Amino acid sequence: MMVKRWVLAACVAVLAPVAVAGGATDDAIEFRQGVFRALEWNFKEMGAMVQGRKAFDAERFALQAQRVAALAQMPGEGFIKGSEKGDEVQTRAGAKLWYQREHFDRLLQQLAERSAELAVQAAQQPGRDALRPYFAKVAQTCKGCHDDYRERF
Ligand code: HEC
């Protein structure tokens with residue numbers, strides 16, 4: 001009984017990498033989409049606070065700004081070579097992203113920098129009105145990149 005279990009475990013260990021080998025592209029796409037969704041989760045609520053649709057909570061805003069700053073460093077890793085198209089996963093990454101990669105990377109860099117600046121400001125809790133322009137700069141970066149590099153279907 002013990003032996004059989006051991007053999008089974010060995011088979012699983014050997015086969016597992018084969019089973020996921022074709023999925024590296026899908027993994028990368030799901031990773032970047034997941035990061036963007038986590039960004040959105042935080043950023044949406046911050047937007048509601050900044051625009052007065054939700055009561056402003058300086059601590060919550062600072063926490064979310066910190067999360068956004070950390071997440072903003074991540075999506076680039078998911079845009080790996082060959083991930084223009086998924087196997088089983090849909091992507092909305094626009095075709096021109098892949099031949100304007102330098103510009104796209106600059107926008108990602110801008111997202112990271114502006115998010116970091118927002119987090120620094122938010123940590124000082126200067127109040128909603130003072131944070132609004134820093135929030136707006138990040139929001140413009142999201143929108144600008146989506147206009148150019150995210151398909152609309
Ligand atoms: C440098 C370009 C760029 C920036 C900056 C950017 N995005 Fe995106 N975003 C994309 C691309 C490209 C996709 C499509 C990814 C895919 O489907 O593979 C996307 C997808 C998304 C999605 C959909 C994810 C899904 O599940 O399909 C959300 C939500 C999103 N972005 C939110 C944001 C937010 C919020 C910000 C700013 C805080 C932001 N993005 C900044 C390029 C960008």
Side-chain angles (χ1 to χ4, degrees), residues 12 15-153:
V12 170
L15 289 176
V18 178
V20 298
T25 303
D26 285 356
D27 284 353
I29 293 171
E30 286 186 322
F31 167 74
R32 70 201 187 204
Q33 291 175 343
V35 171
F36 282 130
R37 283 200 197 178
L39 270 171
E40 176 92 347
W41 173 265
N42 291 285
F43 204 64
K44 226 179 176 169
E45 194 182 328
M46 293 168 76
M49 283 196 239
V50 155
Q51 292 160 8
R53 286 181 283 115
K54 193 179 166 143
F56 185 75
D57 175 342
E59 268 183 36
R60 173 98 184 136
F61 191 93
L63 171 70
Q64 292 185 306
Q66 212 174 50
R67 291 177 180 170
V68 166
L71 288 162
Q73 300 174 19
M74 299 182 203
E77 247 180 79
F79 290 92
I80 60 168
K81 271 208 175 74
S83 65
E84 302 92 315
K85 215 172 148 292
D87 293 326
E88 286 162 24
V89 175
Q90 289 261 16
T91 173
R92 287 168 69 194
K96 71 175 176 181
L97 180 166
W98 305 100
Y99 54 85
Q100 296 180 0
R101 188 58 197 262
E102 252 174 66
H103 184 238
F104 181 76
D105 285 344
R106 265 206 304 282
L107 291 178
L108 279 174
Q109 181 64 30
Q110 195 179 73
L111 176 71
E113 284 167 9
R114 291 180 172 184
S115 300
E117 183 58 31
L118 176 61
V120 166
Q121 296 297 327
Q124 295 163 19
Q125 306 195 0
R128 193 184 82 169
D129 291 346
L131 290 170
R132 192 178 288 126
Y134 294 96
F135 176 88
K137 270 192 178 177
V138 179
Q140 281 158 16
T141 313
C142 309
K143 187 182 182 302
C145 187
H146 291 162
D147 285 350
D148 279 354
Y149 296 113
R150 189 173 71 168
E151 299 293 349
R152 250 171 282 264
F153 54 81

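Counting convention: from 1, in listed order, for ligands and their atoms alike. All values derive from a computational prediction rather than experimental measurement.
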Leu108 and ligand 1 - part of the residue with a heavy-atom distance under 4.0 Å | both
Number the atoms of ligand 1 from 1 as they appear, then name those within less than 4.0 Å of a heavy atom of Thr141, with their elements.
-> 5 (C)
Which salt bridge (charged side-chain N to carboxylate O under 4.0 Å, His left out) pairs, counting each pair once, include a residue from residues 34-44, with sequence neighbours left out?
-> none
Name all residues meeting the salt bridge (Lys or Arg N to Asp or Glu O under 4.0 Å) criterion together with Arg106; count only those two or more places apart in sequence or in a different chain, and write none if there are none.
-> none
For Ala130, does its backbone N or O pair with a side-chain atom of Gln121 as donor and acceptor, under 3.5 Å?
-> no
Among non-hydrogen protein atoms, atom 24 (C) of ligand 1 lies closest to Gln33 O, 3.8 Å
Using modelled atom types only, decide if a donor and an acceptor are shared between the side chain of Arg114 and the backbone of Lys137 within a distance under 3.5 Å.
-> yes
State the atoms of ligand 1, each with its element, that fall below the 4.0 Å cut-off from a heavy-atom position in Arg32.
-> 16 (C), 18 (O)
I'd like a table of donor-acceptor pairs (distance under 3.5 Å, sequence neighbours excluded) in which one partner is a side-chain atom from residues 62-72, with atom names and distances.
{"unit_1": "Gln64", "atom_1": "NE2", "unit_2": "Glu45", "atom_2": "OE1", "d": "3.1"}
{"unit_1": "Arg67", "atom_1": "NH1", "unit_2": "Asn42", "atom_2": "OD1", "d": "2.8"}

Nearest neighbour of atom 14 (C) of ligand 1 from the list Ala93, Gly86, Ala38, Ser83, on a heavy-atom basis = Ala93
Listed as residue and atom, the protein N/O/S atoms under 2.8 Å from atom 8 (Fe) of ligand 1 are His146 NE2
When every non-hydrogen atom of Tyr149 is compared with those of Leu97, the smallest separation belongs to CD2-CA, 3.5 Å
Arg37 heavy atoms, cut-off 4.0 Å: which ligand 1 atoms fall inside?
-> 25 (C), 26 (O)
The closest protein heavy-atom partner of atom 16 (C) of ligand 1 is Thr91 OG1, 3.2 Å
Asp148 side chain near His103 side chain, heavy-atom distance below 4.5 Å | yes
Do the non-hydrogen side-chain atoms of Pro75 and Leu108 ever get within less than 4.5 Å of each other?
-> yes
Do Tyr149 and ligand 1 have an N or O pair less than 3.5 Å apart?
-> no
Looking at Gln110 and Thr141, what are the two nearest heavy atoms and their distance?
-> OE1-CG2, 3.6 Å
Which pair of heavy atoms, one from Ala139 and one from Phe43, lies closest together, and at what distance?
-> N-CZ, 3.6 Å
